[in-house]
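Read through the structure below, which is laid out as structure tokens, and then see the notes.
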Amino acid sequence: MYEHLGELLTVLLTLDEIIDNHITLKDHWTMYKRLLKSVHHNPSKFGIQEDKLKPFEKFLLKLEGQLLDGMIFQACIEQQFDSLNGGVSVSKNSTFAEEFAHSIRSIFANVEARLGEPSEIDQRDKYVGICGLFVLHFQIFRTIDKKFYKSLLDICKKVPAITLTANIIWFPDNFLIQKIPAAAKLLDRKSLQAIKIHRDTFLQQKTQSLTKDVQSYYVFVSSWMMKMESILSKEQRMDKFAEDLTNRCNVFIQGFLYAYSISTIIKTTMNLYMSMQKPMTKTSVKALCRLVELLKAIEHMFYRRSMVVADSVSHITQHLQHQALNSISVAKKRVISDKKYSEQRLDVLSALVLAENTLNGPSTKQRRLIVSLALSVGTQLKTFKDEELFPLQVVMKKLDLISELRERVQAQCDCCFLYWHRAVFPIYLDDVYENAVDAARLHYMFSALRDCVPAMMHARHLESYEILLDCYDKEIMEILNEHLLDRLCKEIEKDLRLSVHTHLKLDDRNPFKVGMKDLALFFSLNPIRFFNRFIDIRAYVTHYLDKTFYNLTTVALHDWATYSEMRNLATQRYGLVMTEAHLPSQTLEQGLDVLEIMRNIHIFVSRYLYNLNNQIFIERTSNNKHLNTINIRHIANSIRTHGTGIMNTTVNFTYQFLKKKFYIFSQFMYDEHIKSRLIKDIRFFREIKDQNDHKYPFERAEKFNRGIRKLGITPEGQSYLDQFRQLISQIGNAMGYVRMIRSGGLHCSSNAIRFVPDLEDIINFEELVKEEGLAEETVKAARHLDSVLSDHTRNSAEGTEYFKMLVDVFAPEFRRPKNIHLRNFYIIVPPLTLNFVEHSISCKEKLNKKNKIGAAFTDDGFAMGVAYILKLLDQYQEFDSLHWFQSVREKYLKEIRAVAKQQNVQSASQDEKLLQTMNLTQKRLDVYLQEFELLYFSLSSARIFFRADKTAAEENQEKKEKEEETKTSNGDLSDSTASADRVVK
């Protein structure tokens with residue numbers, strides 16, 4: 001009875017400690033009381049009646065006093081036990097006081113002998129109850145047994161702290177001194193100080209002995225597991241059945257005792273560190289984590305052999321009940337044989353009979369409680385001899401343990417306390433990584449981490465406990481990835497790289513000098529279960545290597561052989577099943593890769609020149625003896641390597657590049673020097689166009705060129721107009737590259753579809769497969785084939801109109817009123833063409849010279865750029881109104897005729913020097929005229945790409961007409977359908 005009262009007091013003490021350590025609860029309670037004060041000042045605002053507030057406040061004060069002030073235990077023991085109306089007086093009952101004190105001492109004697117010993121089971125919990133009973137005895141009777149009080153405190157030297165819950169530790173010395181201050185005064189100061197100092201020394205001693213404890217328990221648990229396997233695997237012989245059951249019982253109990261001892265060490269040490277706010281050393285963390293692994297190993301051993309254990313437990317229980325019944329039977333005969341009659345002897349006999357009857361049945365908790373109460377009466381009057389009583393007590397204790405074996409093992413091996421000590425997990429993972437030989441122990445640690453989940457499912461401080469579970473899951477997985485998986489991936493990749501590149505002079509990899517870790521052991525692990533997933537280390541590392549090798553191969557396809565060798569080495573050395581990249585290899589005709597051009601589009605358009613007719617890019621200059629070229633076949637091969645998706649990405653990059661260039665373009669056109677000259681030229685042309693046959697004068701363009709040069713030149717000798725011409729050429733080169741991408745895509749699609757016999761009549765493979773009634777996988781494969789054929793047919797028949805897209809995206813912005821300064825562009829084209837022709841002739845003349853720096857024979861990017869910008873500004877008509885190329889042609893033809901006339905006149909005078917000069921002049925004029933003609937043809941060709949035959953207004957009108965036609969056709973179709981329906985009806 002007193003033991004059960006002690007258990008109740010232990011519960012009350014635990015509740016006090018929980019509330020005292022719950023800081024969040026206290027803070028929220030304080031905030032709630034403040035809120036209530038606000039409600040009290042203005043009840044109507046909160047819709048509460050004022051007369052109900054005061055009773056509610058009294059109720060809250062009562063609740064706070066009873067629960068939240070940490071006085072649950074105190075309130076219980078300070079109750080009025082004496083009857084006030086003259087009835088029973090408990091505090092003055094000396095018999096009860098003596099029996100109470102005797103019972104406490106008896107329980108303490110049993111607990112003290114086994115406390116801290118290997119055979120300890122639940123003595124610590126009983127010690128807490130004894131302390132509660134002692135305080136209750138003092139509260140009722142106001143007497144103190146100084147010797148017993150000192151004995152209680154002396155236990156603190158052996159067990160200075162006891163873990164009550166997963167994260168709460170209880171100090172018995174503090175409790176006894178606080179609850180019985182009068183008794184503490186009886187002790188000398190040295191004794192009290194020694195108790196407090198011992199707590200620190202105990203922690204230091206525990207820390208120092210942890211490594212030895214781990215080694216000892218490692219041997220104990222390993223031998224116990226082997227013994228367990230040996231006994232449970234052995235067939236039971238009927239002639240030695242009782243002996244076998246005894247052995248199994250002892251092994252089961254020994255496993256439980258190991259679990260209890262290890263659990264006690266872990267909880268006490270970790271909670272002491274947390275309570276005393278002292279940092280743990282890495283050695284201590286590793287040792288404690290090893291103990292956690294041993295604890296889960298014991299649990300897994302019982303779980304793995306649970307079928308055999310469950311079968312054995314029922315037989316062992318019956319065997320123990322049989323032993324107990326034999327002992328009770330002997331005592332009962334002794335009582336019956338005594339002829340002296342007394343009521344006490346009758347009570348003892350009745351108790352023994354009750355115990356016998358209760359033991360004849362299943363060993364439930366209630367039956368065992370009845371047997372315990374019955375034996376507490378039945379063991380009086382010297383019923384049992386000393387040599388009989390102790391074996392009976394041992395049998396009953398074993399019966400308690402075996403009957404609740406599964407629950408007790410589960411309770412002792414429960415590692416939910418790790419939730420409060422998650423900081424040890426990164427250090428543990430670092431240790432596992434460094435000591436890969438024991439990689440399999442990860443399963444035990446994750447099993448321990450899973451024990452935190454059931455407790456978190458009772459959380460009430462969040463809207464749903466799943467939020468807490470998700471946070472916990474995410475935190476653990478992030479730590480695992482950072483401290484183990486990612487490090488493992490990097491180390492494996494590094495090892496493969498160094499092994500493949502052994503021909504290079506790398507760091508010393510001699511294992512006798514730098515050490516060696518066998519990381520392959522991680523890949524022999526079974527997947528680790530955690531929450532609703534399985535963590536497969538092998539699959540994680542394989543996926544990382546596959547992804548890394550694939551991405552790096554796509555960036556540098558010439559390294560495919562290296563990564564293929566690394567894949568083979570990963571399979572050979574680590575047993576990883578790698579996936580082949582299946583990337584198309586490059587051809588000898590690959591040229592500069594589309595991916596490289598896309599990433600460096602700004603460098604490409606400045607270093608390469610575009611040829612409009614042949615659709616080819618030629619390198620401007622090179623340090624080698626040859627120039628690189630890029631044509632449609634190169635682009636097609638590159639698209640085949642990277643896939644058609646690269647086309648849209650390239651156009652996106654070009655769009656970003658054009659945005660930056662058009663910003664510079666707008667700044668140049670907005671410049672006051674340029675804008676004022678252009679406005680003057682427009683005004684001048686409007687004034688003289690009737691007298692000049694609507695042709696822009698050649699001399700005006702030359703004058704503009706000279707005027708711009710006067711504004712200043714760069715150190716390289718370039719004017720602002722030269723730089724503006726280069727800007728337009730780069731824009732045109734970008735558009736030429738987009739055109740080549742589209743042509744390359746069509747070329748690639750045509751090559752891919754060339755094996756299809758008739759593009760107009762493609763067989764539907766899915767329908768054919770369904771008709772044959774083939775498997776679902778075959779139907780799915782046929783559906784994929786139809787999809788691929790459809791995509792290739794569509795891509796080969798029509799390409800994406802990238803030019804139209806790039807016009808539509810910029811044109812609205814160019815034509816806005818705020819960009820009115822761009823409307824002057826058409827008038828700057830004549831001086832620009834003149835500047836371009838002079839530059840082009842200069843480049844072509846350098847081809848025949850020894851120093852070929854700056855030599856070039858084509859640059860159609862300028863024509864593409866001019867045509868594109870005129871389309872964006874919708875100024876084709878304005879530019880055509882200048883009749884610029886007619887004016888140029890007339891000017892040069894007029895000069896050529898004049899030179900020819902002079903040659904005829906001078907041929908009679910036979911002046912050779914003058915004739916040579918005239919011949920050179922005529923050649924120069926012919927070259928200029930030819931260059932202007934070539935530019936005119938290139939510009940006319942480029943305009944076709946942008947539909948120069950239509951203005952923006954005409955294009956909009958055409959779009960509206962198409963939409964109306966579509967609506968009309970839809971209406972006609974619906975009418976015809978309706979009439980057809982009527983006919984059918």
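Only heavy atoms go into these numbers, but all of them, side chains included; no hydrogens, no water, no symmetry mates. Only a predicted model underlies this, so the values are computations on that prediction, with no experimental measurement involved.
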For [X] versus [Y], what's the shortest heavy-atom pair and its separation?
X: G861; Y: N733; answer: CA-OD1, 3.3 Å
X: A297; Y: Y444; answer: CA-CE2, 3.6 Å
X: R815; Y: K871; answer: NH2-O, 2.8 Å
X: D438; Y: R441; answer: O-CG, 2.8 Å
X: A942; Y: A867; answer: CB-CB, 3.7 Å
X: D546; Y: M578; answer: OD1-CE, 3.3 Å

Spacing of [atom1] belonging to [X] relative to [atom2] belonging to [Y], to within rounding of 0.5 Å:
X: M566; Y: S499; atom1: CE; atom2: OG; result: 9.0 Å
X: L595; Y: N600; atom1: CG; atom2: CG; result: 9.5 Å
X: L870; Y: Y876; atom1: CG; atom2: OH; result: 6.0 Å
X: N631; Y: N614; atom1: CG; atom2: CG; result: 9.5 Å
X: C413; Y: Y303; atom1: SG; atom2: OH; result: 14.5 Å
X: I731; Y: L806; atom1: CD1; atom2: CG; result: 12.0 Å

Do [X] and [Y] have side chains that get closer than 4.5 Å, going by heavy atoms?
X: K660; Y: H602; result: no
X: H747; Y: S750; result: no
X: T542; Y: V577; result: no
X: L480; Y: F446; result: yes
X: Y540; Y: D486; result: yes
X: R450; Y: R529; result: yes
X: R533; Y: D473; result: yes
X: M445; Y: V432; result: no

Inset, instruction - Report the relative orientation of the aromatic rings in F662 and Y868; use parallel for angles under 30°, tilted for 30 to 60°, perpendicular for over 60°. - result: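 Geometry flag for Y868 against F662: tilted rings.
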
Give a yes or no answer on whether the side chain of [X] reaches the backbone of [Y] with a donor-acceptor pair at less than 3.5 Å.
X: S524; Y: L521; result: yes
X: D414; Y: Q410; result: no
X: N611; Y: T858; result: no
X: S447; Y: H443; result: no
X: R754; Y: N751; result: yes
X: R538; Y: G575; result: yes
X: T654; Y: T650; result: yes
X: D495; Y: E491; result: no

Inset, instruction - Would you please test L485 and I537 for side-chain contact (heavy atoms from CB on, under 4.5 Å) and show each step? - result: CA-CA 7 Å; L485 297 182; I537 297 177; 3.9 Å; yes

Legend entry - Residue from Y574, F522, Y544 passing side chain to side chain contact (heavy atoms under 4.5 Å, CB included) with I492: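 The single option meeting the side chain to side chain contact (heavy atoms under 4.5 Å, CB included) with I492 is Y574.
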
Inset, instruction - Only one of I597, I618, N628 passes side chain to side chain contact (heavy atoms under 4.5 Å, CB included) with Y608; say which it is. - result: N628

Inset, instruction - Taking salt bridge (Lys or Arg N to Asp or Glu O under 4.0 Å) as the test, write out the residues that go with R304, two or more places apart. - result: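 With neighbours one apart ignored, the set is E229.
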
Legend entry - salt bridge (Lys or Arg N to Asp or Glu O under 4.0 Å) partners of D786, counting only residues at least two apart: none

Going by atom type alone, with no hydrogens or angles, which donor-acceptor pairs under 3.5 Å involve a side-chain atom of residues 452-466 and a protein atom two or more places apart or on another chain?
unit_1: R460; atom_1: NH1; unit_2: H458; atom_2: O; d: 3.2
unit_1: S464; atom_1: OG; unit_2: E466; atom_2: N; d: 3.2

List the atom pairs, donor and acceptor, that lie under 3.5 Å between side-chain atoms in residues 734-741 and the rest of the protein, sequence neighbours left out.
unit_1: R739; atom_1: NH1; unit_2: Y610; atom_2: OH; d: 2.8
unit_1: R739; atom_1: NH1; unit_2: L612; atom_2: O; d: 3.0

Legend entry - Pairing residues for Y428 by the ring pair (Phe, Tyr, Trp, His ring centres under 6.0 Å) criterion, not counting sequence neighbours: none

Inset, instruction - Could you tell me which residues satisfy side-chain hydrogen bond (donor to acceptor under 3.5 Å, both in side chains) with E766, sequence neighbours excluded, listed by chain and number? - result: K770, R783

Legend entry - Test item: side-chain donor near acceptor, Y419 and D451, under 3.5 Å: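 Y419 vs D451: no donor-acceptor pair found between side chains.
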
Inset, instruction - Assess the side chains of E493 and T548: does a donor N or O sit below 3.5 Å from an acceptor N or O? - result: no

So for atom [atom1], which belongs to [X], do other residues, nucleotides or ligands contribute more than 12 heavy atoms lying within a distance under 6.0 Å?
X: I763; atom1: CD1; result: no
X: R607; atom1: CZ; result: no
X: Q656; atom1: CD; result: yes

Inset, instruction - Evaluate the ring-ring contact (aromatic ring centres under 6.0 Å, His included) criterion for residues Y433 and H483: first the C-alpha distance (whole Å), next the side-chain angles of each, then the deciding distance (0.1 Å), finally the verdict. - result: CA-CA 8 Å; Y433 177 76; H483 291 269; over 10 Å; no

Inset, instruction - Examine R567 relative to F549 and say whether NZ or CZ is less than 6.0 Å from the centre of the six-membered ring and inside a 45° cone about the ring axis. - result: no

Inset, instruction - Give a yes or no on whether a salt bridge exists between K296 and E299, defined as a side-chain N under 4.0 angstrom from a carboxylate O. - result: yes

Inset, instruction - Might you work through the ring-ring contact (aromatic ring centres under 6.0 Å, His included) test for F810 and Y655, ending with a clear yes or no? - result: CA-CA 9 Å; F810 285 113; Y655 163 71; 5.4 Å; yes

